[in-house]
Amino acid sequence: MSNVEFEEENNNNSILYNRFERSDKKPGMVAWLIRKNFAKSESEANYMLLIITFFCILAALYFFLHSTKKSNPIIYKEDISPTDREILPPDTIKSLPSKR
């Protein structure tokens, strides 16, 4: 065990962790909002992005809750008026469920 030798580490492992270091570069959407004069500062752009996210979540909830199909009410044989019974074919009336 005393014959174990370790190779000297190269300085290449710092390359692996460079992308995790703090950067002074502004995020893409923040820089875009500032460049297009929608926001004056980074904090204002972040606030605008937060508001946009909130409205997107509200819109998604609205469309999700209103997209469900409402089922048609069940029509029973006994609920059909006599005038409608004369118009409907007998096979259609037989296919309707009964309350009994």
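Values reported hereafter were calculated over all heavy atoms of this structure, with side chains retained and with hydrogens, waters and symmetry mates removed.
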Minimal heavy-atom distance between Ile75 and Leu96, with the atoms involved, is O-CD2, 3.8 Å
N/O donor-acceptor pairs under 3.5 Å from side chains in residues 33-51, not counting sequence neighbours:
residue : atom : partner : partner atom : Å
Ser41   : OG   : Ser43   : OG           : 3.2
Ser41   : OG   : Glu44   : N            : 3.3
Asn46   : ND2  : Glu42   : O            : 3.3

Backbone N or O of Ser98 within a donor-acceptor pair of the Glu78 side chain at under 3.5 Å?
no
Can you measure from CD1 (Ile87) to CD1 (Ile80) and round to the nearest 0.5 angstrom?
11.0 Å
Are any non-hydrogen side-chain atoms of Phe55 and Leu58 less than 4.5 angstrom apart?
yes
How close do Ile93 and Lys77 get, counting heavy atoms only, and between which atoms?
O-CE, 3.1 Å
Is there a side-chain contact between Ile52 and Cys56 in this structure, where contact means two heavy atoms from C-beta onward sitting under 4.5 Å apart?
yes
